[in-house]
2 protein chains.
Amino acid sequence: MADMLNERSQQILEAIIEEHIATAQPVGSRAITTRLPTRLSPATVRNVMADLEEQGFLCSPHTSAGRIPTELGYRFYVDTLLQVVRLGQQQQDRIQAEYHWQGLQMSELLHTASKTLSSASSYTGLVMMPRLQKTIFRHIEFVKLSSRQILAVFVTQSGLVQNKLIELDEELTASDLEQISNYLNQEMAGLSIKEMQNRLLAEMAKEKALYDHLLQRALRLSEAALDTDSDGDIIIEGTSCFLEQPEFGDLERMKRVFRAFERKSVLFALLDRGLQNEGVQILIGSETEYSEIAGCSLITAAYSGKRGTLGTLGIIGPSRMPYSKVIPIVGYTASLVSRLLDQESD
Amino acid sequence: MADMLNERSQQILEAIIEEHIATAQPVGSRAITTRLPTRLSPATVRNVMADLEEQGFLCSPHTSAGRIPTELGYRFYVDTLLQVVRLGQQQQDRIQAEYHWQGLQMSELLHTASKTLSSASSYTGLVMMPRLQKTIFRHIEFVKLSSRQILAVFVTQSGLVQNKLIELDEELTASDLEQISNYLNQEMAGLSIKEMQNRLLAEMAKEKALYDHLLQRALRLSEAALDTDSDGDIIIEGTSCFLEQPEFGDLERMKRVFRAFERKSVLFALLDRGLQNEGVQILIGSETEYSEIAGCSLITAAYSGKRGTLGTLGIIGPSRMPYSKVIPIVGYTASLVSRLLDQESD
DNA sequence: CGTTAGCACTCAGACCCTCAGAGTGCTAAC
DNA sequence: GTTAGCACTCTGAGGGTCTGAGTGCTAACG
C-alpha cells in the first residue's frame, strides 16, 4: 500500500491532510507549496493532486474548490505518514493533576478519565465501565436491611464495588448470611465473575437433590447478587465539543450524533470491539460501520487492572482530527488509568 | 394583575400564546380570529393586540410580523389562563410501565425517572440525586478489603446505598469493625446524615481525653465514611431534544445551553431552589437568573421518601413550551417516584 | 363608542443577477 | 519532468426586485 505513492506524493498528501485538519477547508495547490520542504510550483502540485484523487486518497467537493482527504486518505495518513510522538511531560502532568488522587472509587476515577480525555483533546471523551463478567471476584458481603430484604455488596479485585438489593422469599438470619458469605469468599476468590456464575450453576445442578438448605440458599443468593444488569455503561463527557465542529454545522447530522450518544448502544459496540486490541485503535469514518456517526473517527485504547483488560476508553470526534495529538492523549490516559487501578487494588 | 385585562383580552392572549406554542411562529391577527369563541374581525384583534403589547405581554420581532409572547405574557398565561388537567390514565400507565418494578436500586429508579420525563415531554429530563445530608441513616457496614483498606457501605432509610473506600493508618481487626458498626447502627439509626455528623463531632470532642480507643476509631472511621463528595449529582436525559427546537437553530445559543448542561452547577442551583416549594414550580426565562439558559423554562417538583423531601426533578426546555401538557407530567412523575421510594423502604 | 372595512405602509424572505476570487485542467514551452 | 499561461468552472457575497404577510391608521357603521 505504501508503495503506491512515491516520496513526493506522500509529502504532498501529508501536507494536504494536515492543512485540512488545521483549517477545515478544502486545500488548494497554491497553499500546499508553502508547506512543502522542496520548492514546487502549484501546477506540479496540481498534477500530483490529480493522481492522488485518481487513487482515491482525495476528492473535491466541486470543480473549483481545493481537495479534501477521503477516508482512505486519512487511513493512509494514520498508517504510514503519521509519526506519533509521546506526550510532553508538562501535558502528562497536567492530565495527571486532574486525578487528585485520594482514595477515589473506581467509578469516579473513570468519570475523571472521561473528562480529562475530553478536555485534553477538545473532543468527546468515552469510557466504558468494566464488564463485570470479566473482572475478578474478591469479596462479598450481605447486609440485612429488613426481614426479607438484603443488600449484597461485592468487590472486585480491581476495586470496583457493586451493590444489589435482593428481595427474599424466605427469611435468613444474620448468621446464615455470614456463613454464606464466608463460604463464597473462601471458595470463589480469584475467579472471574463469569467463571463464578458457571461454577454456581454447576454446583446448583449437582446439589439439587441434596438437603443442605444453606448451600442451596447460598447459591441462589449469590446468583441474584451477581446478576449484573448495569453492566457495560458508558461515560460520555464533552459532547458539546461537537457543536464547535464546522462539519457538523448541519443540524441533521448533529442530531443523529447526539441521539447515538443517548442510546449508547452504538458506542458500546464500538468500545467493546476495542477490548481485543493491544495499544491504540483507530476507526475512521465508515470503518465504524454505523451510519449515525458518519464522518466521525474513534480513537480507543484498552485499560486494565492487575489481572488483564477491564475495558476501553477513548475519544470520538470528526474524522478531520489532529490524530498526532489525540492518539498520545488516549494512549497516555489508558496507561495512567491502568496504573491507578493497579495501585488501588494493592 | 388578572384585573388588568378584561375577559376578551385574556381570551386573545391565550389564543396567541397557544398558537405560538404550536407553531413557533409569530402570530398574526388573522390567524387568531379562527381560534376565538366569539367572531371578531382581524382589525379588532389588532387593537387588542396593540394594547397587550403596550402592557408588556406581547412583542413583535419586526413591524410586519405577528406578535410573540414576552416572558411576562407566559407568566400571566401560566398563573391565570392555564388550567392544568390531571394526566390521563393511559398516559399514567405508559409512564409507569417504564419502571418495570423489580427491586430497582434508587439510582436506577431516578435514571428511569429522568428518561421518562424526557420521553413523555419530549424535552430534557432532570433529576437531582438526593442530598445525602438530608437523608436518614439506616445501616452501616464495614468490609475489610486488605490490612489497611476498608470499604464502608451505608444505606439510608429510603434505600440509597453509598460506598466509600477508606485507607487506614492503623490496622483494625474484623471484630473491631463489627463492634464499631454495631455501635453506630444502634446509636445513630434514625438520624439524618447531617445530624449524625454533628453528633460524631460532638462525641469526638467529648471523648478526646478518653482512653477508649475503639470509640475514637469508630468516630473517625464513620466520619470518613460519611464524607459525601458525590453529593448532589444531576441526571440529565434527552439533551438532544434541544436540537429539535427551532428557537435554538442558532448554534451559539445551543452551545451555551449544552455547556451549562455539562457543568451542571447551574442546573443544580435551580433544582436546589425547587426543594423548598410544594407542588410544581415553574421558572420562565430570566426568572432562572442564568443567562446561559436564556429563553428556557424549567418545570420542577420535589420528590420525597417517607421522611420528607429528598430532591427535585423536572424538565427544561424552551420557554415556548406546552405548559398544560408538561406540568402534569412533572407532577405525576414526582408523585410516582415518591410512591416507589416509599414502597422500597418498607 | 366599540367594531369593522379599507388602505397605505413596512419588512423579511425568496428569487435572480452579477461579479470577484479561488482553484482547476490543459497546453505548450522550458 | 516541470512550469508558466490561460481558459474555464464554480461558490459565495452583494445587491436589486418582488411578493405576501401583517401592521397601524382612518373613516364609516350600527
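Naming convention: chains lettered A, B, ... in sequence-line order (proteins, then strands); numbering from 1 in each chain. Excluded from the calculations below are hydrogen atoms, water molecules and symmetry mates; all remaining heavy atoms, backbone and side chain alike, are included.
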Visitor: Parallel, tilted or perpendicular: which fits the ring planes of B:Y323 and B:Y74, with parallel below 30° and perpendicular above 60°?
Guide: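 Tilted, since the angle between the ring planes falls between 30° and 60°.
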Visitor: Less than 4.0 angstrom from a charged side-chain N to a carboxylate O is my criterion; do B:R259 and B:E262 meet it?
Guide: no
Visitor: Using Watson-Crick and G-U wobble pairs with both distances under 3.5 Å, what is the 5'-to-3' dot-bracket string of DNA chain C, with [ ] for crossing pairs and | for pairs outside the strand?
Guide: ||||||||||||||||||||||||||||||
Visitor: What integer distance in Å separates B:L40:CG from D:dG30:P?
Guide: 18 Å
Visitor: Checking the side chain of A:S319 only, and the main-chain atoms of A:G295 only, is there a donor and an acceptor separated by less than 3.5 Å?
Guide: yes
Visitor: Pick base, sugar-phosphate or nothing for B:S60, based on heavy-atom distances below 4.0 Å to the nucleic acid.
Guide: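 Nothing: the residue B:S60, judged by heavy atoms under 4.0 Å, touches no strand.
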Visitor: Go through C:dG6, D:dT3, C:dG25 for me and flag the one nearest to the A:R46 side chain.
Guide: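 Between C:dG6, D:dT3, C:dG25, the one nearest the side chain of A:R46 would be C:dG25.
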Visitor: Counting only heavy atoms not in B:R35, do more than 12 sit closer than 6.0 Å to its CZ atom?
Guide: yes
Visitor: Using a cut-off of strictly less than 4.0 Å, decide whether A:R67 has a side-chain nitrogen or oxygen near OP1 or OP2 of C:dT24.
Guide: yes
Visitor: Are any of B:S64's side-chain N or O atoms less than 4.0 Å away from OP1 or OP2 of D:dG22?
Guide: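 So the side chain of B:S64 is outside the cut-off, no N or O lying under 4.0 Å from OP1 or OP2 of D:dG22.
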Visitor: Output the rounded distance in Å from CG (B:L52) to P (D:dG22).
Guide: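 Atom-to-atom, B:L52 to D:dG22, this comes out as 17 Å.
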Visitor: Any Lys/Arg nitrogen of A:E98 or A:K115 sitting under 4.0 Å from an Asp/Glu carboxylate oxygen of the other?
Guide: no
Visitor: Salt bridge or not between A:R67 and A:E53? Use side-chain N to carboxylate O under 4.0 Å.
Guide: yes
Visitor: With nearest nucleotide decided by heavy atoms, which residue, B:N47 or B:H62, maps closer to the 5′ end of DNA chain C?
Guide: B:N47
Visitor: Using whole Å, report how far CD of B:E7 lies from P of C:dG2.
Guide: 18 Å
Visitor: Check the angle between the aromatic planes of B:F242 and B:F258 and answer parallel, tilted or perpendicular using the 30° and 60° thresholds.
Guide: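 Because their plane-to-plane angle is over 60°, the rings of B:F242 and B:F258 count as perpendicular.
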Visitor: Round to the nearest Å and state the distance from B:R8 atom CZ to C:dG2 atom P.
Guide: 10 Å
Visitor: Would you mind telling me which of D:dG24, D:dT23, C:dA5 lies closest to the side-chain atoms of B:M49?
Guide: D:dT23
Visitor: Would you mind telling me which of C:dC11, C:dG25, C:dC7 lies closest to the side-chain atoms of B:T63?
Guide: C:dC11
Visitor: Does C:dG2 have OP1 or OP2 under 4.0 Å away from a side-chain N or O of B:T44?
Guide: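 No.
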Visitor: Whole-Å distance between D:dT2 P and A:L36 CG?
Guide: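 Atom-to-atom, A:L36 to D:dT2, this comes out as 13 Å.
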Visitor: To the nearest Å, give me how far apart CD (A:E19) and P (C:dG23) are.
Guide: 10 Å
Visitor: Starting at the 5' end of DNA chain D and moving along, which residue's nearest nucleotide shows up first, B:A65 or B:A43?
Guide: B:A65
Visitor: D:dG20 C1' sits how many Å from B:R30 CZ, rounded?
Guide: 12 Å
Visitor: Rounding to an integer number of Å, can you tell me how far B:Q25 CD sits from D:dT23 P?
Guide: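 The distance from CD of B:Q25 to P of D:dT23 comes to 14 Å, rounded to the nearest Å.
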